[in-house]
*Asks:* 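Attaching a single structure in structure tokens format; questions to follow.
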Protein chains: 2
Amino acid sequence: MTDTRCKLLDGTLETLRTKGIAGISARTIASAAGVNQALVFYHFGSVDELIAAACRESATDRVRSYRAQFLEVTSLRELLAVGRVLHAQEREAGNVTVLAQVLAGAERDPSLAAAGREALAVWVIEIETVLHRLLGGSPVAAAIDVPGLARGIAASFIGIEMYDGVDPVGAEHALSALEQLSVLIEVVDDLGPLARRALRSRMRRASH
Amino acid sequence: MTDTRCKLLDGTLETLRTKGIAGISARTIASAAGVNQALVFYHFGSVDELIAAACRESATDRVRSYRAQFLEVTSLRELLAVGRVLHAQEREAGNVTVLAQVLAGAERDPSLAAAGREALAVWVIEIETVLHRLLGGSPVAAAIDVPGLARGIAASFIGIEMYDGVDPVGAEHALSALEQLSVLIEVVDDLGPLARRALRSRMRRASH
DNA sequence: GTCTATAGAGGGATAGAC
DNA sequence: GTCTATCCCTCTATAGAC
């Protein structure tokens, strides 16, 4: 990876964060990266291809940096704690914003759609792995589709990030409430056998 | 409201759905609306002001059309059923996409940020009112911040819509799983007094 | 209110020198 | 690989005829 390619990728992420997908261009990227505008096309062919590459790199890079922590988690409580740290760091770094902006741009360009789909998949696989390990033997796993839950969590993070862009206080409340929901799962998970039976029959009825 | 203003507002919503915030312009809007491009500026001053107006109108219009149904809901189960219908209709009509795209554009223009914030608030107030009515006396309300939950639900819908743009199947699974979560709330809500006590103490511990 | 025409800026992309 | 220069297009916004 040459130095210029790296500068362009970083400049793209920075520009996505500050101006969004609607305000990005080869010129603004080059300016943020401190390189010549023509290099965007020499190295990546087009602006959208560069954005797609930056999105992919950002996702794999961030997920890799959290993998070790995810592997150490042994309870929903711990997962929540890791999730809190992760969320704070990612918000600070603006990586969720990048993904959200690329997803918004997917409406315009197929290469952005593909990159957004892949970046999302990278996060989802990671979340799914942890959830499957933690909820494997739990009655909650019988009631809730774990792969679906992983996708739901990823989607919620995206939505909260968009919310945060226009109302940080409201977004903070949203996040806290969803965190409390996960505690609810843990609570149900720890209920006695009697309550578990009630839960199972209730869930069965609910699904019809 | 003149005919042309109406055409422009509708054309804006349609263009946001098909091209996204990154692909919209006075020309594409005018083309979709079937009117002259200069009329965008005559009636709304700027493209962003037009988008903001369309976003506000879309939100109030849609929420008003659901208000009667929300008022009739008397259980979480019924709320979920209304939510399912609402989600299917809004996805079909593309109204959530509109809001998501405006939120993405908020990064570029303050007037879009204001419109997105207001549109979100309109939905949140509606959800919050129903939740407060349904969960008022429940132990769940003591454990979970209801205004926060309303914001979390709104954010999740936004996120799922963005997900849907790049992976409809994954988004569908995400939605189903989050729906099952709401059933979980109902289950806990209906637990016996013993289980409720366990929940309360568990929640207290979790929040520390 | 609506149209044409256009100014003026910015954007994607390429050619060609180095 | 990098730079300058540039073509050509699209964009916002306005002026002025109707």
Side-chain angles (χ1 to χ4, degrees), chain A residues 1-55 57 101-102 104-115, chain B residues 1-55 57 101-102 104-115:
Chain A
M1 179 82 71
T2 69
D3 186 47
T4 298
R5 281 183 69 93
C6 198
K7 280 182 187 169
L8 279 170
L9 290 169
D10 287 346
T12 301
L13 296 178
E14 186 187 329
T15 310
L16 274 179
R17 282 177 215 126
T18 54
K19 297 182 192 296
I21 191 73
I24 207 168
S25 74
R27 285 169 163 83
T28 56
I29 292 171
S31 167
V35 305
N36 190 282
Q37 171 259 341
L39 295 174
V40 167
F41 305 96
Y42 175 79
H43 285 285
F44 294 93
S46 74
V47 173
D48 285 329
E49 288 297 335
L50 168 54
I51 296 172
C55 174
E57 195 223 32
Q101 291 291 330
V102 169
E107 218 77 21
R108 188 195 56 184
D109 185 84
S111 68
L112 293 185
Chain B
M1 179 81 71
T2 69
D3 186 46
T4 298
R5 281 182 68 93
C6 197
K7 280 183 188 167
L8 280 171
L9 290 168
D10 287 346
T12 302
L13 297 178
E14 186 188 329
T15 310
L16 274 179
R17 282 176 215 126
T18 54
K19 297 183 191 296
I21 191 73
I24 207 168
S25 73
R27 288 174 209 276
T28 55
I29 291 172
S31 167
V35 304
N36 190 281
Q37 171 259 340
L39 295 175
V40 166
F41 305 95
Y42 175 79
H43 285 286
F44 294 93
S46 76
V47 173
D48 285 329
E49 287 297 334
L50 168 54
I51 297 172
C55 174
E57 195 223 34
Q101 291 292 330
V102 169
E107 218 77 21
R108 188 195 54 184
D109 184 83
S111 69
L112 292 185

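Naming convention: chains lettered A, B, ... in sequence-line order (proteins, then strands); numbering from 1 in each chain.
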*Asks:* Specify the separation, in whole Å, of atom NZ of K19(B) and atom C1' of dC11(D).
*Replies:* 14 Å

*Asks:* Using modelled atom types and a 3.5 Å cut-off, is there a donor and acceptor pairing between side-chain atoms of Q101(B) and backbone atoms of I21(B)?
*Replies:* yes

*Asks:* Considering only heavy atoms from C-beta outward, does the side chain of Y42(B) approach that of N36(B) to under 4.5 Å?
*Replies:* no

*Asks:* At what distance, to the nearest 0.5 angstrom, does OG1 of T12(B) lie from CD1 of I51(B)?
*Replies:* 6.5 Å

*Asks:* Quick check for you: to the nearest 0.5 Å, what is the distance between E14(A) atom CD and L16(A) atom CG?
*Replies:* 10.5 Å

*Asks:* In residues 31-47 of chain B, which residues come under 4.0 Å of DNA chain D by heavy atom?
*Replies:* Q37(B), A38(B), F41(B), S46(B), V47(B)

*Asks:* Rounded off to whole Å, could you give me the CG-to-P distance for the L50(A) and dG11(C) pair?
*Replies:* 15 Å

*Asks:* Between R27(B) (CZ) and dT6(C) (P), how many Å, whole number?
*Replies:* 13 Å

*Asks:* Can any side-chain N or O of T28(B) pair as donor or acceptor with the backbone N or O of I24(B) at less than 3.5 Å?
*Replies:* no

*Asks:* Between T4(B) and I24(A), just flag the one whose closest nucleotide in DNA chain C comes earlier from the 5' side.
*Replies:* T4(B)

*Asks:* Starting at CD1 of I21(A) and ending at C1' of dG11(C), how long is that distance when rounded to a whole Å?
*Replies:* 14 Å

*Asks:* Using distance alone, with no hydrogens and no angle criterion, decide if S111(A) and D109(A) have a side-chain donor and acceptor under 3.5 Å apart.
*Replies:* yes

*Asks:* Starting at CG of D109(B) and ending at C1' of dC11(D), how long is that distance when rounded to a whole Å?
*Replies:* 15 Å

*Asks:* Could you give the CZ-to-C1' distance, from R108(B) to dG10(C), as a whole number of Å?
*Replies:* 13 Å

